[in-house]
Amino acid sequence: MLKTLCSILLCSTFFCHAQSNDIRANQAPFALTLKQALNWTAQSEFSSTQNISTEPLARRHAAQLDPSRANLDTRVKVLYAPDGMNNFANYLDTQATFNLYNFTHWSQIDVLNWFAGTADHVVQIPARPWVDTAHRNGVKVIGSIFLAIAKYGGSADTAEALLKQDVQGRFIMAHRLVDIAQYYGFDGWLMNQETNLTAIKDAENELVEGQKDNRRGAKLGQKMLAFMQYLTAIAPQGMEIHWYDSMLENGEVRWQNQLNEKNQAFLHQGVSSADAMFMNYWWNKPMVERSVSLAQELGRSGYDLYFGADLWPSRNAQRAFSKTQWLEDLFDSDTKQGLTSIALFAPNFNFNFSGEPHTPVFSKFKDDPQDSLRFYQTEQRLFVGDDLNLANNDLDGWPGIGLYVPAKTTVNALPFETHFNTGQGKKLIENGQQVLSGWTDMSKQDLLPTWQFAVYGNLSMTVAYDFEEVFSGGSSLLFTGSLSTQKTRIPLYQTHFVLGKNNTATLTLKGDVSALSLYVETADGKRHMFALNAITPSDSQQDWRTYEVSLSALAKEPVGQLGMLFREGTAEENVNVYLGQLAIR
């Protein structure tokens, strides 16, 4: 009773101080104890209308960067699971801090897993700002059900409570989980069951060493399998239920690192037990190949298996950037077609990894707002490779996820507008005026470039988000370098719309645009160039100049790509141009 009362008081405190700019881990509405979840209703004190996302899941199209990548496998899915989202992103309102955790490569992932949990807080619910932005990018978001390792507080009693059935035999918690996901507007759950159900614990929830209750463990293990089959069956269309490769049918936790006869029931046993399985990390290519064969024997696809990559540098499975073979092992050696899907675990090393002797810190952005470039470029490196250029295939070192898996786009209709706002900044600009200093709010993020970033031709040119010169929102896109004897082409967006006779492109820039053109690539591969120095700016605000480009000559043309192009020049001609707006209306 006292514990429940404390939880209610904490919950009330959260809502009274919703504007206090604190990220509150393990508090409702984001985190629920099992008792709170079992008793959850839309009217309960543990629910929040402020956390409801009404953003529909956008339709996506594959975005192959260039003809050399035309055969990249669009069936491979990428799940992204930052470790501890409750510590990074449990907020509903704009936060008065620039250097919070952020993510920009939505085009390169398919599922965001809100990975978190404690022994007490079993149910972890995604925060609306992240769900809103994920859905605008066509990315699903799934919450977590976490049953902790017995040594760290997990208990078979908790699992038994989770598996409670009513008099009709229905699993009560399964219905609650569906209700919660539908109420808040997110897309499903990962069942992260890591409690050894044969373990015996004393009255203080401490392990009794050397003792097991195999009978109880097997009974609960079978009931957990039935629960998963029930939850998967009642989940509405589009809702995904994932199982983590941890527990076996006998209730023991034995990570298999592959699909085999010991864990296959939790993917499929006559009926689906889960829509997907998140495989543990200690695998090799033969294990992958055997897993795919077994999945197919069960009538399932290899893409239903998300092989885990533990990127955290303090661990040694797929340690970020220093381990590379694992990525190649997930693809056919000859055809380069994917064998399975991919689960990227703990990619938040760019934010809160503090460094090891073998791996220096990647960025200090969490403590130093001035270190934003390294924070963003480390995420960029994960997807595009060591040279930070997706247009180049890194033959040595870390190649990047984008070398194997194509991006996807939701830019499918007009009007289209972006200010390259990442959802945070040193200042917030609205209607030409600064309204905030340091801030973060993922719900304010724009549709960002499909490719971040690709540079063809003149490789001295770089592209990055800039937080000093801002036209609208919190950031702009900065092009820096010098001209060369080659043109520089920078593709930004894969698109899937048809132009009308009255459509106009609008660009707002700061800096010398004499060498710069907008290009519009039509579906037939033809690039149409629009030199900005031939256009008189239609507006000017504090050195930001707006250019309007008539696209009437391309009426009825399907457009496949938008990008920028710098002409040839000499090394003495330096480039320092900010792009603050790109729109087609």
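As the structure is a prediction and not an experimental result, all values here were calculated from the model. Side-chain atoms are counted along with the backbone in the values below, which use heavy atoms only and exclude waters and symmetry mates.
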Parallel, tilted or perpendicular, as decided by the 30° and 60° cut-offs, for the rings of [Y] and [X]:
X      : Y      : answer
Tyr101 : Phe88  : tilted
Phe278 : Tyr244 : perpendicular
Phe362 : Phe353 : tilted
Phe467 : Tyr376 : tilted
Phe383 : His105 : parallel

Query raised in the report: Looking at Arg374 and Asp371, does any basic side-chain N land under 4.0 Å from a carboxylate oxygen?
Result: yes

Does [X] have any salt bridge (charged side-chain N to carboxylate O under 4.0 Å, His left out) partners at least two apart in sequence or in another chain, and if so, which?
X      : answer
Asp310 : Arg315
Glu55  : Arg136
Lys427 : none

Query - Worked check of ring-ring contact (aromatic ring centres under 6.0 Å, His included) between Trp40 and Tyr183 - result: CA-CA 11 Å; Trp40 184 93; Tyr183 176 78; 5.2 Å; yes

Query - side chain to side chain contact (heavy atoms under 4.5 Å, CB included) partners for Pro56, two or more places apart - result: none

Requested in this report: Sequence neighbours left out, what pairs pass side-chain hydrogen bond (donor to acceptor under 3.5 Å, both in side chains) with at least one residue falling in residues 264-274?
Outcome: Gln229-Ser273, His268-Arg300, Ser272-Arg300

Report summary line: Across all chains, not counting sequence neighbours, the ring pair (Phe, Tyr, Trp, His ring centres under 6.0 Å) partners of Phe266 are Trp243

Report task. Might you work through the side chain to side chain donor-acceptor pair (under 3.5 Å) test for Asn257 and Asp245, ending with a clear yes or no? Result -> CA-CA 7 Å; Asn257 307 293; Asp245 160 39; 5.5 Å; no

